[in-house]
Amino acid sequence: MAKLIDGKQIASDIREELRKNIDLWKAEGHRAPQLTAILIGDDPASGTYVKSKTERYGTEITEEQLLNRIYELNNDDAVDGILIQLPVPNHIDERKICNSVSCDKDVDGFNERNIGRLCLDMNTLIPCTPLGVQELIKRAGIETFGKNAVVVGRSKNVGMPIAMLLHADGRNDTCAMDATVTICHRFTPPEELKRFCRTADIIVTATGVPGLIKSDMVKEGATVIDVGITRITDAATGKAKLVGDVDFDEVRKIAGYITPVPGGVGPMTVAMLMKNTIIAAKNLAKKRNAQ
């Protein structure tokens, strides 16, 4: 039976470390780091991600109104981090919105300049979910150097950054993991997906397809990190519940380590948002002091 990687407990430990970090920062005469999150509409996935400190707007908000608000926040010295919860309504250009957030305050790491720096293995604000996956793997003591990793999902916000962090050189700024990485996606034939996954020491899946990863796709002792999150109706109870990409009950009989859904990657995403906000606050304070 696989060892459960308890993202909830690890995230709690990290938040406690960050709280101590903030206390020291405030003791030096600084104010507490400030995050402003913008949430548009009531997308359920968004609600599980952002819990507090939000500005909520209806789906009728125009692109121009949103851009104007972001401009105000960019120029507000009392704000250290800005998060625009995705997805945005269809009438708003998501890429334009992400790029409008100041790179210095882009705590979700979605500005194309921050993504570019990540791809070049340079110091930057790293997207929260990929950063959370990296932290889970490291804190669970899972060896990645020279190991085979498969990332299932190629989204620009999750799959691609996770693949970058897994394969890049651990000696550089992103403290990456030196694995050999294969990326699979919706057009990978099922039999090929199974073949690739069975070679993997580490599988990270982020597709939003419930039950995609079956036990016969996982080699004995592999680490399985489930980033997928889908709200379904439980056939037994008729109530809504969150599930991942992995057939958890069966895969845990084969894997060496596994993350649950919920309680795995999700809490880590929120903890990394807090971490990125602290990093942004310190970087901005240095810039202001240098002026």
Side-chain angles (χ1 to χ4, degrees), residues 2-22 32-33 35-37 39 42-54 81 83-87 107-110 125-142 144 151-153 155 157-159 161-162 165-166 175 177 202-208 210 213 223-232 234 239-246 248-249 251-252 255-280:
K3 182 176 180 181
L4 201 66
I5 303 176
D6 188 346
K8 205 173 199 179
Q9 182 58 55
I10 294 172
S12 177
D13 294 342
I14 291 170
R15 287 197 306 272
E16 185 56 35
E17 293 166 13
L18 293 174
R19 272 191 284 270
K20 291 176 181 177
N21 194 316
I22 291 171
L35 168 71
T36 298
L39 178 61
D42 56 358
D43 182 86
S46 297
T48 63
Y49 185 76
V50 176
K51 298 295 185 184
S52 61
K53 296 184 180 179
T54 61
L83 169 69
I84 312 300
Q85 184 57 52
L86 304 180
V107 291
D108 228 353
F110 290 164
L125 290 166
I126 297 171
C128 298
T129 297
L131 187 60
V133 169
Q134 182 187 43
E135 196 71 20
L136 271 183
I137 290 171
K138 289 190 172 186
R139 292 199 179 221
I142 294 160
T144 59
V151 176
V152 187
S155 73
N157 295 343
V158 180
I162 286 172
L165 290 172
L166 277 164
C175 301
M177 295 182 276
I202 301 163
I203 298 172
V204 182
T205 179
T207 67
I213 305 300
T223 295
V224 181
I225 308 291
D226 193 348
V227 187
I229 184 165
T230 306
R231 193 179 298 271
I232 67 167
D234 189 320
K239 295 180 179 179
K241 70 173 184 177
L242 296 176
V243 297
D245 293 355
V246 176
F248 181 83
D249 290 338
V251 170
R252 72 179 306 189
Y257 291 85
I258 193 169
T259 60
V261 176
V265 175
M268 294 297 294
T269 297
V270 179
M272 294 302 101
L273 182 59
M274 184 177 173
K275 179 177 181 178
N276 276 353
T277 303
I278 295 169
I279 292 170

For a quick test of reading the model, state the closest non-hydrogen atom pair linking [X] to [Y] and the distance between them.
X: Arg252; Y: Asp249; result: CG-O, 3.5 Å
X: Ile213; Y: Val251; result: O-CG2, 3.5 Å
X: Val107; Y: Gly81; result: CG1-CA, 3.7 Å
X: Pro130; Y: Val158; result: CG-O, 3.8 Å
X: Ala11; Y: Pro267; result: CB-O, 3.5 Å

Atom [atom1] of [X] and atom [atom2] of [Y]: how far apart are they, to the nearest 0.5 Å?
X: Thr277; Y: Asp108; atom1: OG1; atom2: CG; result: 9.5 Å
X: Ser155; Y: Ile162; atom1: OG; atom2: CD1; result: 7.5 Å
X: Leu39; Y: Gln85; atom1: CG; atom2: CD; result: 6.5 Å

pair [X]-[Y]: side-chain heavy atoms closer than 4.5 Å:
X: Val224; Y: Thr259; result: no
X: Leu136; Y: Gln134; result: no
X: Met274; Y: Ile22; result: yes
X: Thr144; Y: Lys138; result: no
X: Met268; Y: Lys8; result: no
X: Ile279; Y: Leu125; result: yes
X: Ile225; Y: Ile5; result: yes
X: Phe248; Y: Asp226; result: no

* Does Glu17 pair with Lys20 as a salt bridge, N-O distance under 4.0 Å? ->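 Not counted as a salt bridge, because no side-chain N and carboxylate O are separated by less than 4.0 Å.
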* Using 4.0 Å as the upper bound for N to carboxylate O, is an ion pair formed by Lys241 and Asp234? ->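 Salt bridge: yes.
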* To do: Could you list the residues that satisfy side chain to side chain donor-acceptor pair (under 3.5 Å) with Thr223, not counting sequence neighbours?
  =>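 Side chain to side chain donor-acceptor pair (under 3.5 Å) list for Thr223, sorted by chain: empty.
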* Asked: Can you name the residues that form a side chain to side chain donor-acceptor pair (under 3.5 Å) with Arg15, not counting sequence neighbours?
  ->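 Applying side chain to side chain donor-acceptor pair (under 3.5 Å) to Arg15 gives none.
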* Asked: Is there a donor-acceptor contact under 3.5 Å from the side chain of Thr230 to the main chain of Gly208?
  ->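 Side chain of Thr230 to backbone of Gly208, a donor-acceptor pair under 3.5 Å: yes, one is there.
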